[in-house]
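We count ligands from 1, going down the list as the structure has it; atoms in each ligand are counted the same way.
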Amino acid sequence: MKLQEFELRTIHLPLVRPFRTSFGTQTSREVLMVKVTNENGTVGWAECVAMSEPLYSPEYVIGCLDLMKRFLIPALREKSSIAAEDVPVLLKPFLGGQMAKAALETAILDAQLRDQNISLAKYLGATKSKVECGVSVGIANDLAALVEEVKSYVDAGYRRIKLKIEPGWDYEAVKTIRQIYPDIPLQVDANQAYSRSDGKLLANLDEFNLLLIEQPLDEHDILGHAMLAKEVKTPICLDESIISLQSAQDALALEATTVINIKPGRVGGYIESKKIHDLCVDKKIPVWCGGMLETGIGRAANLVLAALPGFTLPGDTSASSRYFKQDVTTPFVMEDGYLTVPTGPGIGVEPDLDFLEEITTTKELI
Ligand code: OSB
Ligand code: MG
């Protein structure tokens, strides 16, 4: 296709409740939305999952905006006509920037698939029509508040609970929830908050029959995770460390991880995500779909990914209401702990343009 125009806009959405992790507390979500229009006037949408500050990953909203404007979009425009599959190749010379690259690739892919009247589900090879929903629960002010929040999600039907942990908010928090829900699928996410010497402390969680411990150590510490995996019986699952197919292959070969969380933004897009999925299927490694507090635009595409056959664990694919009072698309509503996979052309959803305008903070056309 020929790329006619890009619209880059930042929006600001309040969260229904603060979301605290080991790297900070969020009370609202600032999102960089990408809209591409091709020569047929077909529009493709995507959201960039970078956060406002570089705390979870080195990328951040304004940095991604600058990277797209200054380098990525001009590189895509050098060719008179491109397909979504060309995007990773054309953008490879620019180091890092997976989240920015993923958003551009996804917007272009959305437009391409709409022109072909094909759904992203068909393109990626999704096999499920609905996916099981898990929910990520932030660090609470106290155990009573944690119990209340978890109860609200269990009552709503969520099929897997993930507790955010950090030193000082781990053993007691997990113990409390495990006592109330002895059988619910439960896992924890440390977002790199521990160090190599914390093996014993994390092994204390083994008694709670957790599905996995997500990213206990620094993103670059693959060896540390491999060492920890020998000390702890609970499976280790890497999130931040997996930024590409290559890094997934390395982490598996080094036995630093036995479960993988795929976030399309973190690995540079849905095409790379599919490759990591295929690798994991081949190696019989369980996979699940992570989340980044996406609006309905990103959530739709994640649901499609989570419908691939290798996604055997529930993802952080929660309902729109988990984070937002009003979503930018028709809200994703959970039924019996499942969300329906969109099957329309492209990502299968469109933003409510009036609402989008209302919450827009900056907008530029390129
Ligand atoms: O580590 O999975 C993470 C949110 C923002 C950044 C990193 C993470 C998360 C979550 C929430 O855990 C995932 C979601 O519900 O979208
Ligand atoms: Mg994580």
Would you please test Thr295 and Glu47 for side chain to side chain donor-acceptor pair (under 3.5 Å) and show each step? CA-CA 8 Å; Thr295 73; Glu47 76 180 86; 2.6 Å; yes
What part of [X], side chain from CB on, backbone N/CA/C/O, both or neither, has a heavy atom under 4.0 Å from ligand 1?
X	value
Asp239	side chain
Asp189	side chain
Lys164	side chain
Met292	both
Val135	neither
Glu240	neither

Taking 4.0 angstrom as the limit and counting only heavy atoms of [X], give me the atoms of ligand 1 inside it, by number and element.
X	result
Lys162	2 (O), 3 (C), 12 (O)
Asn191	1 (O), 3 (C)
Tyr323	11 (C), 13 (C), 14 (C), 15 (O), 16 (O)

For the residue pair Phe208 and Tyr171, categorise the inter-ring angle as parallel (less than 30°), tilted (30 to 60°) or perpendicular (more than 60°). tilted
Assign the ring pair Phe71 / Phe94 to parallel, tilted or perpendicular, where the plane angle (0 to 90°) is split at 30° and 60°. tilted
Beyond-backbone contact of Phe355 with Asp327, side-chain heavy atoms, under 4.5 angstrom: no
Under 3.5 Å between any N/O of Ser136 and any N/O of ligand 1: does that happen in this structure? yes
Are more than 12 heavy atoms from other residues, nucleotides or ligands located less than 6.0 Å from atom CG of Asn141? no
Ranking Gln26, Arg299, Lys263, Gln215 by closest non-hydrogen atom to atom 3 (C) of ligand 1, top hit is Lys263
Determine, for [X] against [Y], whether the closest basic-nitrogen to carboxylate-oxygen distance falls under 4.0 angstrom.
X	Y	answer
Asp336	Arg159	yes
Lys263	Glu294	no
Glu7	Arg9	yes

Applying a strict under-4.5 Å side-chain criterion to I, L, V, M, F, W and Y, I'd like to know whether Leu313 and Leu339 cluster together. no
Closest protein heavy atom to atom 4 (C) of ligand 1, given as residue, atom name and distance to 0.1 Å: Leu293 CD1, 3.3 Å
Which heavy atom of the protein is the closest neighbour of atom 13 (C) of ligand 1, given with residue, atom name and distance? Gly291 O, 3.3 Å
Any luck finding a side-chain donor-acceptor pair between Thr234 and Asp206 under 3.5 Å? yes
With ring-ring contact (aromatic ring centres under 6.0 Å, His included) as the test, would you mind laying out the steps for Tyr323 and Phe19 before giving the verdict? CA-CA 9 Å; Tyr323 291 112; Phe19 183 59; 5.7 Å; yes
What count do you get for protein N/O/S atoms less than 2.8 Å from the Mg ion (ligand 2)? 3
Check whether Trp288 forms a cation-pi arrangement with Arg160 (NZ or CZ under 6.0 Å from the six-membered ring centre, at most 45° off the ring normal). yes
